[in-house]
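First comes the structure, then the notes that go with it.
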2 protein chains.
Amino acid sequence: MATPSPEVASVRLDPAESGLHARLLDQLGTAVCAGQLPPGSVLYIDDLVEQYAVSRSVVREVLRVLSSMGLVESRRRVGTLIRAAGDWNVFDPQVIRWRLASAGRIAQLRSITELRTAVEPQAASLAAHRATPQEASELVGLAAKMWAAGKAGDEAEFLRLDIEFHRLVLVDSGNEMFVKLHELVAEVLAGRYHYDLMPHYPHEQALQLHADVAQAIQRRDGERAKTAMVQIMEQAMLEMSAIWAQTGPDSAG
Amino acid sequence: MATPSPEVASVRLDPAESGLHARLLDQLGTAVCAGQLPPGSVLYIDDLVEQYAVSRSVVREVLRVLSSMGLVESRRRVGTLIRAAGDWNVFDPQVIRWRLASAGRIAQLRSITELRTAVEPQAASLAAHRATPQEASELVGLAAKMWAAGKAGDEAEFLRLDIEFHRLVLVDSGNEMFVKLHELVAEVLAGRYHYDLMPHYPHEQALQLHADVAQAIQRRDGERAKTAMVQIMEQAMLEMSAIWAQTGPDSAG
DNA sequence: CTAGGCCGATAAAGCTGACTTAAGCAAGAC
DNA sequence: GTCTTGCTTAAGTCAGCTTTATCGGCCTAG
């Protein structure tokens, strides 16, 4: 496309997003998710004011947001406590991004991949019942483009199409929560590319399976759509497991 | 009920949670999710300061939190805009609670129920592989108690055990995100009871299926655990659909 | 008559310092 | 030994202020 697309216009959550609030939020969020601030340790507003050279307002607003994400908990006369990982809102896109950037990357990837394994086949099945002919056609077209990009070895284009394909399936499922899940999946797909935690070359079989899903949805065959999607997920899971076994069994716990 | 149950001690997110911040957050969040503040409409900090008789700090911190939930968006020189429902973090427990309390209740219930339908069978399958003998035994015990409560017609007790059973399956799946999902499911189960959107009496077959799931997990039979859980989900979906058709096809869109 | 840049009004963003509240802790009373 | 009292402390709340980005109208140049 000729459009430069300066901003995706969806959610601007970049670190240096031109604002003290966003910057501090990102720094503290990253520190907590990375374990640099272990659970139980305490933060003090006045310290943060000094450390980061920002005003009380900024610090307080950031702590409020972190609190709503379950990362910290403010108590009078005590300070602001870092909470255990089990208390975090692991479905918050911000939290996912921070975790993908931390050492807990592998655990985050596995969790979301397992979630995908559960959700996407169901979504494919629902989409087969609910998608309009136009939507189904678009899916078939996308699968065809994926095939072409895969054959041509265009990794970047394949990744883009792959994300879009799975997004459309979730959208066509007609479930708002599945749609929202696409956001998280996109983080993972982008993350696995960025962090080299995934084989970039698409397998021959994966290309065929995407085409199968699209075709099954178009023909309103929920069972076949689901089965094909299950196979896509199983294959993705196998590939990622293989990579994890090599690169880092460190933070697998 | 005779039990006063002053605090569940898990997460204190009650409306009048002794704090201006929590109270205003709840009021605004409820108003947005209920559609009283339609997307595109604008809030002004100074107006809110007057209306709710609180200080700027409180208003700004609340708006920051709502912003992190995707409910609003602050723009200089414009004000604070209410965002469309599609932008909301529908996985945030707060947002779910607000939506369950609004007219969009049915849509929320259906979304989460579909999500459960996808996730819980997968969780049962994973639990069959990962649960320790102790965990499996506890599940079998719970299923037995559910049977007893169901036969005795003790609705409140059955609901409590039902929530605990599904929570344990998700915990035993070993996936942190599945565990977190239990929180949302508990909201729904409590909500369906509270809002009378669900038949309270447990079916004979449901009792048997819960026992089947527990037994399959104990015997490490992932496939059978998954199949039984699928049936539980299908039955729950059918029952809820029936109720929705009667009570309110209003906000089904 | 249109395109593009200039400028002022406006509302959020951010800063400051003081006061209030309540949770924790320790000393003292029973 | 237990209970109460009161002090300490850090978050909570407030009010007023300065700064900054942006929108929308206006004006000029093509």
Side-chain angles (χ1 to χ4, degrees), chain A residues 4 6-7 9 11-29 32 37 39-83 87, chain B residues 6-7 9 11-28 32 37 39-83 87:
Chain A
E7 283 291 338
V11 259
R12 61 280 296 286
L13 293 157
D14 296 309
E17 191 202 324
S18 70
L20 298 179
H21 178 85
R23 191 155 53 243
L24 181 59
L25 183 66
D26 194 69
Q27 291 194 45
L28 288 183
V32 173
L37 298 169
S41 57
V42 189
L43 295 176
Y44 303 99
I45 292 183
D46 293 335
D47 288 1
L48 294 172
V49 167
E50 266 195 72
Q51 273 181 250
Y52 293 93
V54 292
S55 74
R56 267 189 155 61
S57 324
V58 173
V59 172
R60 287 188 47 86
E61 284 161 27
V62 165
L63 291 182
R64 277 280 209 250
V65 171
L66 289 174
S67 172
S68 87
M69 291 174 178
L71 265 57
V72 305
E73 183 188 359
S74 288
R75 285 225 284 259
R76 280 188 145 121
R77 155 80 211 199
V78 174
T80 299
L81 299 150
I82 310 297
R83 299 181 68 178
D87 295 324
Chain B
E7 282 294 337
V11 260
R12 60 281 297 284
L13 293 157
D14 296 310
E17 189 203 325
S18 69
L20 299 178
H21 178 86
R23 191 155 53 242
L24 181 59
L25 183 65
D26 194 69
Q27 292 195 44
L28 288 182
V32 172
L37 296 169
S41 58
V42 189
L43 296 176
Y44 303 100
I45 291 181
D46 292 335
D47 288 1
L48 294 172
V49 167
E50 266 195 73
Q51 272 182 251
Y52 294 93
V54 291
S55 73
R56 269 191 167 59
S57 322
V58 174
V59 173
R60 293 199 40 184
E61 284 162 26
V62 165
L63 291 182
R64 279 277 205 239
V65 171
L66 289 175
S67 172
S68 87
M69 292 174 178
L71 264 57
V72 306
E73 183 187 0
S74 288
R75 285 225 284 260
R76 279 184 144 122
R77 156 80 214 200
V78 174
T80 299
L81 300 149
I82 311 298
R83 299 181 69 178
D87 295 323

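Naming convention: chains lettered A, B, ... in sequence-line order (proteins, then strands); numbering from 1 in each chain.
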Original post:
Could you write nucleotides 19-26 of chain D as a row of B, S and -, 5' to 3', where a protein heavy atom under 4.0 Å of any base atom gives B, of only sugar-phosphate atoms gives S, and otherwise -?
Top reply: -BSBB---
Original post:
Between atom CD of B/Glu73 and atom CZ of B/Arg83, what is the distance when rounded to the nearest 0.5 Å?
Top reply: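 Here the rounded value is 5.0 Å.
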Subject >> Interatomic distance, A/Leu25 atom CG to A/Leu20 atom CG [nearest 0.5 angstrom] >> reply: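 Those atoms lie 12.0 Å apart.
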Original post:
Which residues within residues 39-47 of chain B lie with some heavy atom under 4.0 Å of an atom in DNA chain D?
Top reply: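 None - not one residue of the stretch has a heavy atom sitting under 4.0 Å from the strand.
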Original post:
Looking at DNA chain D, which of residues 59-68 of chain B put a heavy atom within less than 4.0 Å of it?
Top reply: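 Residues of residues 59-68 of chain B under 4.0 Å from DNA chain D: none.
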Subject >> Sequence-distant partners of B/Arg76, salt bridge (Lys or Arg N to Asp or Glu O under 4.0 Å), two or more places apart >> reply: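 Checked B/Arg76 against salt bridge (Lys or Arg N to Asp or Glu O under 4.0 Å); zero matches.
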Subject >> By salt bridge (Lys or Arg N to Asp or Glu O under 4.0 Å) - contacts of B/Arg77 (at least two apart) >> reply: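 Applying salt bridge (Lys or Arg N to Asp or Glu O under 4.0 Å) to B/Arg77 gives none.
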Length of the line joining [X]:[atom1] and [N]:[atom2], which is rounded to integer Å:
X	N	atom1	atom2	result
A/Leu25	C/dG14	CG	P	12 Å
B/Glu73	C/dA12	CD	P	13 Å
A/Leu48	D/dA10	CG	C1'	13 Å
B/Arg56	D/dT13	CZ	P	16 Å

Original post:
Between A/Leu24 and A/Val58, is a side-chain contact (heavy atoms from CB on, under 4.5 Å) present by the stated rule, with each step listed?
Top reply: CA-CA 8 Å; A/Leu24 181 59; A/Val58 173; 4.1 Å; yes
Original post:
Among C/dC15, D/dC14, C/dA18, which is the nearest nucleotide to the side chain of B/Val54?
Top reply: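 Selected nucleotide (nearest to the side chain): D/dC14.
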**OP:** Could you pull out the closest heavy-atom pair between B/Val59 and B/Val54, with the gap in Å?
**Re:**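 It is CG2-CG2, 3.7 Å.
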**OP:** May I have the step-by-step check of side-chain contact (heavy atoms from CB on, under 4.5 Å) for A/Val65 and A/His21, ending in yes or no?
**Re:** CA-CA 10 Å; A/Val65 171; A/His21 178 85; 4.2 Å; yes
Which donor-acceptor pairs under 3.5 Å do side chains of residues 41-53 of chain A form with protein atoms, sequence neighbours excluded?
unit_1  : atom_1 : unit_2  : atom_2 : d
A/Ser41 : OG     : A/Pro38 : O      : 2.6
A/Asp46 : OD1    : A/Arg56 : NH1    : 3.4
A/Asp46 : OD1    : A/Arg56 : NH2    : 2.8

Original post:
Under the side chain to side chain donor-acceptor pair (under 3.5 Å) test, which residues partner A/Arg60, sequence neighbours left out?
Top reply: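 Per chain and number, A/Arg60 pairs via side chain to side chain donor-acceptor pair (under 3.5 Å) with B/Glu61.
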**OP:** Using the test side chain to side chain donor-acceptor pair (under 3.5 Å), find all partners of A/Ser74 that sit at least two apart in sequence or belong to another chain.
**Re:**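 Applying side chain to side chain donor-acceptor pair (under 3.5 Å) to A/Ser74 gives A/Thr80.
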**OP:** Indicate, with a heavy-atom threshold strictly under 4.0 Å, whether A/Ser74 touches base, sugar-phosphate, or nothing.
**Re:**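 It contacts sugar-phosphate atoms only.
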Subject >> Under 4.0 angstrom between A/Ser55 side-chain N/O and C/dC15 OP1 or OP2 >> reply: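 Indeed, a polar side-chain atom of A/Ser55 lies that close.
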Subject >> Side chain to side chain, B/Arg64 and A/Arg64, heavy atoms closer than 4.5 Å >> reply: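 Answer no - side chains too far apart.
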